[in-house]
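This report concerns only the one structure given below.
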Amino acid sequence: MALTLLRGLKTHSFRLYPSLHFTRKHGVVFFSTKSAQGQTAAQEKQHTRLKVSSKTDSVKFDEISKNYEAVIGIETHVQLSTLTKAFCSCPYTYGAQPNTSACPVCMGLPGALPVLNSKVIEYAVKVGLALNCSLSLSSKFDRKQYFYPDLPKGYQISQFDIPIALGGYLDVDLPVEFGGGHRKFGVTRVHMEEDAGKLLHTGNGNYSQENYDSFPIGIVDLNRAGVPLLEIVSEPDMRTGIEAAEYAAELQRLVRYLGVSNGNMQEGSLRCDVNISIRPIGQLEFGTKVEIKNLNSFSSMSRAIDFEISRQELLYSLGQADEIVQETRLWEEGAQKTVTMRKKEGLADYRYFPEPDLPGVNLSEEYVNEIRDSLPELPEMKRRRYENMGLSMQDVLFLTTDVNVAAFFDATIATGADVKLATNWIMGDIAAYMKNEKLSINDIKLTPQELGELIASIKSGTISGKIGKEILFELMAKGGTVEGLIKEKDLVQIVDPTEIEKIVDKVLANNPKQLEQYRGGKTKLQGFFAGQVMKETKGKANPGLLNKILLDRLNSKS
């Protein structure tokens, strides 16, 4: 996650310039000027950059930041995982060949009429309930008019004045490394709509003739046109990039827990548009809102927001607040800055009116209650349950981030496994193995039942923790059972004191020089002797019993 990007500003150095551009490289902020006539991206790169990095200037900018408050809201588009599109029977598969899943309804051809997919309503109700919203038992669809090359109808079917859900909230627990704490962010509305198509480009602006004979300079792919979306609009309750990113991450967890979307940002299944304004501390009126698009990760979102806050704070401090205009800006990951994309449309520009080809959506109380009763345990409920088990917030956040990891943990402790030991194994060796092998928890061969058996075998003293770790990696890679591996490899722990005493005596007799050194004061050699005993027993000696017997023998005067 990001810290504030702009530090070390020499404010008096910029009074001559009507507009500023910021970049950051190797921890240092760079600035380039822009004339009142405007500049292209190529022209901007030619401008001289001003490098400012003194500690005094950093303190000055910290003082500037204390005078302003950021106001942040997020519009999140969630692509629903229905088998077919919102208003036709076309399937949608991410990554399919362009325009292989389009029909007259998708393309808005004359005479083609939309028919609403009932799953879209079901998923919208699920999300509305999970976000603690009030549901509209009677809602409708509207036409949102705007032109874009990948919007074939020239309008989008959406919901305007009567959305399906209103006035909810989302509970978020911030990570411990960012100060921790619980936040409750308001949700203004949830409404159903359809997605647009997609403009495809290559690096040189051309597609190979082999695949795209009809489109030598790029194409409009309508596979995504008509795919169902839920737009979730937050209240402007966030104040930092970290809060905004954690809100979006919690929404991703929520839709995955509900099973209504895969929430993959890299596929466009979850897309966030962030609205940011700043205002002087104590002012109730909002400042001019700026929207940021092109955010493809939560870390990018945090960095983009912190940059934009700092950009606006600087302009305010220089008396240039009028240069903050209502617009849409893009986040340039490489340059680590926001740049102007287009002027932001207003509601009047969209010319909403009721969709004449679709009937209203009417829900019964019985239908809503059936869906409410079918909801799974959601992330917030799961976090509270895990906390009540005595787990730390760090453990809780790790276990609940991935619904599949949480399910694996729940299935493990259902076997009677110790809660803390199960947590440690999952967060430690299992997580490290998945990371190294680039696997999800559903991909490994280990089952929750066998992890529970492994923990029980260690606690009962049947095997040592060291042997348990060896068995764990074998189970994750190849599968099998704990009992089968113990028998196959003869791994049962030696717990007979007489047998361990014989091996200890043998090791001491074979290492008289080290024994003399130990009794002469080099007590660290105890580890050497313990290692030799473990080598003799192939790691099967009970560690606690071994250390007790070894110390007795080492300290014996006979």
Side-chain angles (χ1 to χ4, degrees), residues 72-82 85-87 92 114 116-117 119-136 139-146 148 150-151 153 155-170 185-198 224-238 244 247-252 254-256 258 260-265 267-275 289 291-296 301 328 344-347 349-352 354-355 358 361:
I72 305 165
I74 301 180
E75 299 168 8
T76 306
H77 290 86
V78 177
Q79 190 178 96
L80 300 180
S81 299
T82 55
K85 295 184 181 181
F87 304 111
Y92 174 70
L116 178 60
N117 183 344
K119 271 290 180 184
V120 177
I121 301 174
E122 178 188 333
Y123 286 0
V125 172
K126 280 187 175 183
V127 172
L129 292 172
L131 289 172
N132 309 287
C133 292
S134 298
L135 295 179
S136 302
S139 62
K140 64 181 178 68
F141 283 98
D142 301 276
R143 287 190 182 182
K144 180 181 181 182
Q145 321 283 328
Y146 64 95
Y148 211 63
D150 56 7
L151 191 67
K153 293 194 290 285
Y155 63 86
Q156 177 189 37
I157 299 177
S158 183
Q159 291 188 302
F160 177 47
D161 54 329
I162 311 178
I164 196 164
L166 288 163
Y169 62 88
L170 182 67
F185 299 118
V187 172
T188 307
R189 57 187 278 149
V190 179
H191 66 257
M192 301 176 284
E193 61 185 21
E194 63 177 337
D195 209 343
K198 188 176 183 180
R224 200 176 67 182
V227 168
L229 297 177
L230 290 183
E231 181 169 346
I232 302 168
V233 182
S234 80
E235 289 289 320
D237 290 345
M238 289 148 266
Y247 162 88
E250 182 70 6
L251 267 186
Q252 183 189 63
L254 185 75
V255 298
R256 286 175 171 175
L258 291 170
V260 303
S261 174
N262 65 27
N264 293 339
M265 296 186 79
E267 295 180 8
S269 298
L270 188 140
R271 310 193 291 271
C272 296
D273 299 334
V274 179
N275 294 301
K289 180 175 66 177
E291 180 185 53
I292 304 179
K293 286 184 178 288
N294 196 32
L295 302 170
N296 58 13
M301 180 184 298
T328 297
K344 180 65 178 172
E345 298 90 344
L347 287 178
D349 298 317
Y350 294 128
R351 305 187 310 283
Y352 284 98
E355 169 56 62
L358 285 169
V361 178

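Worth knowing before you read on, the calculation uses all heavy atoms, side chains too, and leaves out hydrogens, waters and symmetry mates. Just so you know, these numbers come straight off a predicted model, no measurement behind them.
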- [ ] Evaluate side chain to side chain donor-acceptor pair (under 3.5 Å) for Ser261 paired with Gln79, printing each intermediate quantity in order.
- [x] CA-CA 6 Å; Ser261 174; Gln79 190 178 96; over 6 Å; no
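- Between the side chain of Asp142 and the main chain of Tyr352, no donor-acceptor pair closer than 3.5 Å is present.
- Checking Lys85, Gln156, Arg224, Lys153 one by one against Glu194, the side-chain hydrogen bond (donor to acceptor under 3.5 Å, both in side chains) holds for a single residue, Lys153.
- Taken from NZ in Lys293 to CG in Leu295, the straight-line distance is 9.5 Å, to the nearest 0.5 Å.
- Among residues two or more places apart in sequence or in another chain, the salt bridge (Lys or Arg N to Asp or Glu O under 4.0 Å) test is passed with Glu250 by Arg253, Arg383.
- Partners of Ser139 by side chain to side chain contact (heavy atoms under 4.5 Å, CB included), not counting sequence neighbours, listed by chain and number: Ser136, Gln159, Ile162, Ile164, Val361.
- With rounding to the nearest 0.5 Å, the separation of CG in Leu254 from OG1 in Thr76 is 11.0 Å.
- For Phe141, the ring pair (Phe, Tyr, Trp, His ring centres under 6.0 Å) partners are Phe87, not counting sequence neighbours.
- Ser158 places no side-chain N or O within 3.5 Å of a backbone atom of Glu193 that could act as its donor or acceptor partner.
- Considering CD1 of Ile74 and CE of Met301, their distance stands at 5.0 Å, rounded to 0.5 Å.
- We find that Lys140 and Asp161 are joined by a salt bridge, their nearest charged nitrogen and carboxylate oxygen being less than 4.0 Å apart.
- A donor-acceptor pair under 3.5 Å is absent between the side-chain atoms of Glu75 and the main chain of Asp273, judged by distance alone.
- In this view, Asp150 and Tyr148, Ala196, Leu199, Val220 satisfy the side chain to side chain contact (heavy atoms under 4.5 Å, CB included) rule, not counting sequence neighbours.
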Distance-only donor-acceptor hits, side chain of residues 122-131, under 3.5 Å, sequence neighbours excluded:
unit_1 : atom_1 : unit_2 : atom_2 : d
Glu122 : OE1    : Lys119 : NZ     : 3.1
Glu122 : OE2    : Lys119 : NZ     : 3.4

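- Here the CD1 atom belonging to Ile72 is positioned 9.0 Å from the CZ atom belonging to Phe185, to the nearest 0.5 angstrom.
- With sequence neighbours left out, Arg143 forms a salt bridge (Lys or Arg N to Asp or Glu O under 4.0 Å) with Glu355, Asp357.
- Within the structure, every pair that satisfies the side-chain hydrogen bond (donor to acceptor under 3.5 Å, both in side chains) test and touches residues 227-238, not counting sequence neighbours, is listed here: His77-Glu231, Thr188-Glu235, His191-Glu231.
- Between Leu270 atom CG and Asn296 atom CG the span is 12.0 Å, to the nearest 0.5 Å.
- No side-chain heavy atom of Met238 sits less than 4.5 Å from a side-chain heavy atom of Val274.
- Residues that satisfy the side-chain hydrogen bond (donor to acceptor under 3.5 Å, both in side chains) test with Asn262, not counting sequence neighbours, are Glu267, Ser269.
- Rounded to the nearest 0.5 angstrom, Asp195 CG and Ile157 CD1 are separated by 13.0 Å.
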TODO: Kindly determine whether Val78 and Leu251 satisfy side-chain contact (heavy atoms from CB on, under 4.5 Å), including the steps that lead there.
DONE: CA-CA 9 Å; Val78 177; Leu251 267 186; 5.8 Å; no
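- Between Cys133 and Val190, the shortest heavy-atom contact is SG-CG2, 4.3 Å.
- Pairing each heavy atom of Val120 with each of Pro228, the nearest pair is CG2-CB, 3.6 Å.
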